[in-house]
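Reading through the structure tokens given below for one structure.
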Protein chains: 2
Amino acid sequence: MAKKKEQVKEKPLSAELRIKEAARKVFTQKGYAAARTRDIAEEAGMNLALLNYYYRSKEKLFELVMLESIKEFFLGLTGILNNPDTGLGEKLELLADSYISMLIREPNFPLFMLSELQANPDKLIELTGTKDFMNKSVFFQQMAAHLKKNKMNFSPMHVVMNMIGLTVFPFIGKPMIKLMSGMKDKEFLQLMEERRKLIPVWMKTMFKIN
Amino acid sequence: MAKKKEQVKEKPLSAELRIKEAARKVFTQKGYAAARTRDIAEEAGMNLALLNYYYRSKEKLFELVMLESIKEFFLGLTGILNNPDTGLGEKLELLADSYISMLIREPNFPLFMLSELQANPDKLIELTGTKDFMNKSVFFQQMAAHLKKNKMNFSPMHVVMNMIGLTVFPFIGKPMIKLMSGMKDKEFLQLMEERRKLIPVWMKTMFKIN
DNA sequence: AAATAATTTAATCATTTGATTAATTTTAAC
DNA sequence: GTTAAAATTAATCAAATGATTAAATTATTT
């Protein structure tokens, strides 16, 4: 049953990877429960049995895809957060810029990730291995010092939540925002581009940075 | 098959309503696709067939529950937004207070609503009937005037997005926030209570209100 | 109290869906 | 070129799941 996998690794041709990327797309779009293995096979243009041949099961495939995406997400995040050579303002600018770009490229990713995290928080904790990396981050330390110096007596986690909220929420809430405002996709995208610059300005104003 | 429904309306006893509320709970927790009719029946402590007896199908039941929740949500929102007797600052305070309370009570509602809106945007548009009510709201007008006066050249929709993002995001992102910070439920709740007061302050600072 | 209607239940159906199998084709090794 | 391994396919299985039915029970009406 489990024939290859460990032995062959240097030659990932088409089928195997195409299934994985199709899975990423379908899972991200519909979520785990609503995604059918047949959808994934069709999206990849492959026979359904290949999914099980290469990845054993829907769940295994999901875990793989999910883990990869989350790892990448956290890596990008910590890369900016832990740079000791940038100040708070610059970090906020880099975060906004990098995440707006990512979100324009992959607008469905956050809702997918948050939904699955909600549906199965424990699994993701063991899957990622990452835990409370935020508290130890350079950003967190810098922000804690800044808040103390400026007599703002609240947790730096508020700052983190605000930053993510301002950046990510519009993408998660896009259908609702379009529903409330009657906006079209093009206008929406333009607003998101504006936020690339505006979010750091707002954040700095809010927390008296610079 | 469809025996009652139109005739009897004044005596909604146990069964029918219990199923609906069980459905709300299960749908909200797991989403449409992952929610099984058997889960709902079990949650309501009722026979599975009653679900179809009273509500015809899983989908009909879902639409009903969803529509009710969204209607209520938008009603609360527009109630505050369209009050001509309150200023911008006060509106922000009322919004934060009312929504933090709602979110502590129903922490799963936003992710549910946004997920389903994403999965099926068109259906919800026809289901709610509401469309671009934001642009015409008193709040929107007040904010447009304020932004213009203070030389902030961007759409009031940014303000709306920020407000919702700051308020709602932490609840949507709770599992991720806990994962990043190692926070426990109690601490999380305390932070949310702090935000009740902090969010209006931040918003006013950000947009130079008062 | 009898009759009718409404509610509830247990059993079952039909479809969907994740997974497997056995056969076939393609690729690689010798 | 033959053989063995890997990849691929079509067909099928088994479990899950939404839905229905027919019978039983309870409530309501007359």
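Letters A, B, ... are given to chains in the order of the sequence lines, protein chains preceding strands, and every chain is numbered from 1.
- Taking atom OH on A:Tyr55 and atom P on C:dT20, their separation rounds to 16 Å, with Å as the unit.
- Protein atom CZ of B:Arg38 is 11 Å distant from nucleotide atom C1' of D:dA15, rounded to whole Å.
- Note: CG (A:Leu51) to C1' (C:dT20) measures 13 Å, nearest angstrom.
- Regarding A:Lys58, its NZ atom lies at a distance of 17 Å from the C1' atom of D:dA14, rounded to whole Å.
- For B:Tyr54, no side-chain nitrogen or oxygen approaches OP1 or OP2 of C:dA6 to under 4.0 Å.
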Below 3.5 Å, can you tabulate the donor-acceptor pairs from side chains in residues 165-179 of chain A to any protein atom, sequence neighbours excluded?
from: A:Thr167; atom 1: OG1; to: A:Met163; atom 2: O; distance (Å): 2.7
from: A:Lys174; atom 1: NZ; to: A:Asp185; atom 2: OD1; distance (Å): 3.3
from: A:Lys178; atom 1: NZ; to: A:Asp185; atom 2: OD1; distance (Å): 2.7

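- Inter-residue side-chain proximity for B:Arg36 and B:Lys58 is flagged as unmet; no heavy-atom pair is nearer than 4.5 Å.
- Residues B:Asn162 and A:Arg195 have side chains in contact (heavy-atom distance under 4.5 Å, counting atoms from C-beta outward).
- Close placement of the B:Trp202 and A:Phe154 rings is indicated, their centers lying within 6.0 Å of each other.
- D:dT9 atom C1' lies 11 Å from atom CE of A:Met46, rounded to whole Å.
- Between A:Ser69 and A:Glu106, the closest side-chain pair of non-hydrogen atoms is not below 4.5 Å.
- Checking C:dA19, D:dT9, D:dA19 against the side-chain heavy atoms of A:Ser57 singles out C:dA19 as nearest.
- Between A:Asn47 and D:dA10 there is a side-chain N or O to OP1 or OP2 distance below 4.0 Å.
- The CG atom of B:Leu48 sits 14 Å away from the P atom of C:dT8 (whole-angstrom rounding).
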Donor-acceptor pairs under 3.5 Å, side chain of residues 77-89 of chain A to any protein atom, not counting sequence neighbours: which ones?
from: A:Thr78; atom 1: OG1; to: A:Phe74; atom 2: O; distance (Å): 2.9
from: A:Thr78; atom 1: OG1; to: A:Leu75; atom 2: O; distance (Å): 3.2
from: A:Asn82; atom 1: OD1; to: A:Val138; atom 2: N; distance (Å): 3.0
from: A:Asn83; atom 1: OD1; to: A:Asp85; atom 2: N; distance (Å): 2.7
from: A:Thr86; atom 1: OG1; to: A:Asn83; atom 2: O; distance (Å): 3.4
from: A:Thr86; atom 1: OG1; to: A:Lys91; atom 2: NZ; distance (Å): 3.0

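- The separation between A:Ile40 atom CD1 and C:dA19 atom C1' is 13 Å, rounded to whole Å.
- Of the residues in residues 20-36 of chain A, those lying under 4.0 Å from DNA chain C by heavy-atom distance are A:Ala35, A:Arg36.
- Between B:Thr37 and D:dG18, a side-chain N or O to OP1/OP2 separation shorter than 4.0 Å is present.
- Between B:Glu116 and B:Phe27, the closest side-chain pair of non-hydrogen atoms is not below 4.5 Å.
- Per the geometry, CD belonging to B:Glu42 stands 14 Å off P belonging to C:dT9, to the nearest Å.
- An OP1 or OP2 oxygen of D:dT9 is reached within less than 4.0 angstrom by no side-chain nitrogen or oxygen of A:Tyr53.
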